[in-house]
Amino acid sequence: LIKASIVGATGFTGAVLTDILQRHPEVELDALTSMSYLGRRVDDVFPHLRVKGSYTPYSAERVAASDVVFVCYPHAESYPVVAECVAQGQRVVDLSADFRLRELSAYSEWYGFDHPYEELVGEAVYGLPELYRETIRTARVVANPGCYPTSAILAVAPLASFMGGYPVVIDSKSGVSGAGRNATDKTHFCSVHENFRAYSEVGHRHTVEMVQELSLLAGRAVQASFTPHLLPVDRGILSTVYVMLDADTAAEAGATERVESDNGLHDLFQEYYADEPFLEVSAVVPSLREVRGTNYCRLAARKDAAAGLIKVISVIDNLVKGASGQAVHNMNIMLGFPEKMGLEEKA
Ligand SMILES: NC(=O)c1ccc[n+]([C@@H]2O[C@H](COP(=O)([O-])OP(=O)(O)OC[C@H]3O[C@@H](n4cnc5c(N)ncnc54)[C@H](OP(=O)(O)O)[C@@H]3O)[C@@H](O)[C@H]2O)c1
């Protein structure tokens with residue numbers, strides 16, 4: 001058995017991670033850290049988890065025996081822990097945004113802090129297994145992707161090399177758990193129930209992450225316009241992504257016929273994701289309930305001939321494929337376990 005610790009184990013992602021890891025056949029839970037619930041039994045705080053033991057404070061020494069450390073802190077709180085754990089030999093999956101962006105200046109611009117760990121940022125691997133499986137295998141730091149970027153990047157990736165010069169339009173709806181455990185005026189039950197709103201309608205932080213990865217996929221600078229919305233459900237993200245293709249580039253790649261019909265698009269997406277354990281290309285348009293509690297991303301692509309664009313609709317569970325399930329998938333790849341291990345039951 002390998003030992004795994006969770007730093008920030010009482011947040012939404014930490015609790016789902018605890019649930020998945022305690023059922024993982026190759027993992028023994030080591031430290032579960034918390035400040036707010038210090039000394040409280042795990043099964044008192046989360047009775048559904050049936051985990052023995054209590055929450056302990058984080059210290060580098062406390063997690064020193066772990067093979068893997070998952071860091072579930074807010075951004076800018078996470079990087080000191082990641083740096084400390086890597087320095088003493090742990091491999092780390094960071095669920096925050098602190099190592100997702102490749103340009104150091106992007107952290108001050110988008111997240112409001114100066115990142116002091118340039119080398120570690122350079123070394124960190126963006127943890128989207130569908131794109132970076134080979135580098136994840138040997139990584140010391142895996143930057144687990146954001147929930148919205150996971151849903152959007154997977155929807156666009158098969159089309160990225162044929163995109164025209166227009167911005168990609170990403171329209172996403174998320175359940176309230178995406179905002180973390182502490183409720184605000186906007187995420188309070190009374191504000192969300194029977195209501196629906198857009199927020200951060202220009203310049204949401206996940207935009208830069210999407211632009212970074214879509215540009216790498218396309219091999220040139222891509223622009224994206226992203227609008228998140230808050231759905232009155234607890235979990236799940238549905239993204240509708242609008243992509244305009246460049247007919248000449250698609251023709252050069254021999255893809256003209258495939259991008260001209262729904263069936264052709266279906267085949268193109270299925271081929272692109274043929275070997276992926278958690279990607280389901282669907283003939284029917286997917287809905288949130290189909291992926292709830294699972295590590296699957298399910299998507300469907302449609303040709304909108306009249307408007308001259310392609311729509312891709314993708315669904316994930318933000319706490320599983322968008323966070324903790326993807327983190328365990330990354331751990332499985334890093335440690336050479338079967339990729340689906342521990343991820344076949346609902347979390
Ligand atoms: N929620 C999602 O769908 C989702 C998806 C992808 C990525 N993420 C990212 O994953 C990380 C964890 O998200 P989450 O939703 O689990 O957050 P959360 O519910 O707010 O939990 C964060 C945990 O971090 C600990 N913590 C340490 N310092 C903190 C501070 N200064 N302020 C608040 N909490 C602090 C808290 O535990 P104690 O107070 O007990 O120490 C808390 O339980 C974040 O970086 C988030 O952006 C979240």
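Remember, it's 1-based here, ligands and their atoms both numbered in the order they're listed. Quantities reported herein were computed from a predicted structural model and do not represent experimental measurements.
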| note | Of all protein heavy atoms, the one nearest atom 15 (O) of ligand 1 is Gly180 CA, 3.3 Å
| query | What residue and atom, counting heavy atoms only, is the protein's closest point to atom 4 (C) of ligand 1, and at what distance? | reply | Thr13 CG2, 3.7 Å
| query | Nearest to atom 46 (C) of ligand 1, what protein heavy atom do you find, and at what distance? | reply | Leu95 O, 4.5 Å
| field | Residue, atom name and distance, where the atom is the protein heavy atom closest to atom 21 (O) of ligand 1 | value | Gly11 CA, 3.1 Å
| Salt-bridged, Asp234 to Arg292, with N to O below 4.0 Å? | yes
| message | Would Gly146 count as a contact residue for ligand 1, given that I'm defining contact as a non-hydrogen atom of the residue lying under 4.0 Å from a ligand atom? | response | no
| Lys/Arg-Asp/Glu bridge criterion (N-O < 4.0 Å) met for Arg133, Glu276 | yes
| request: Write out the residue and atom name of the closest protein heavy atom to atom 41 (O) of ligand 1, then the distance separating them to 0.1 Å. | output: Met35 N, 2.8 Å
| query | What is the closest protein heavy atom to atom 23 (C) of ligand 1, and at what distance does it sit? | reply | Cys72 O, 3.6 Å
| Within less than 4.0 angstrom of ligand 1, does Thr10 place any heavy atom? | yes
| field | Carboxylate-amine/guanidinium contact Glu119 Arg140, below 4.0 Å | value | no
| remark: At under 4.0 Å between heavy atoms, what of Glu77 touches ligand 1? The answer is side chain
| said: If we only consider heavy atoms of His206, is any one of them less than 4.0 Å away from an atom in ligand 1? | reply: no
| field | Tyr111 and Phe113 aromatic ring geometry - parallel, tilted or perpendicular at 30°/60° bounds | value | perpendicular
| Which heavy atom of the protein is the closest neighbour of atom 39 (O) of ligand 1, given with residue, atom name and distance? | Ser36 OG, 2.5 Å
| note | At under 4.0 Å between heavy atoms, what of Ser177 touches ligand 1? The answer is backbone
| query | Of the choices Tyr148, Tyr58, Tyr73, which has the non-hydrogen atom that lies closest to atom 44 (C) of ligand 1? | reply | Tyr73
| query | Any idea which part of Gln326 is under 4.0 Å from ligand 1, heavy-atom wise: side chain, backbone, both or neither? | reply | neither
| message | Out of Ala327, Ser34, Pro74, who is nearest to atom 28 (N) of ligand 1 when you count heavy atoms only? | response | Pro74
| message | Whether the side chain of Asn332 engages the backbone of Met341 through a donor-acceptor N/O pair (distance < 3.5 Å, no angle test) should be reported. | response | yes
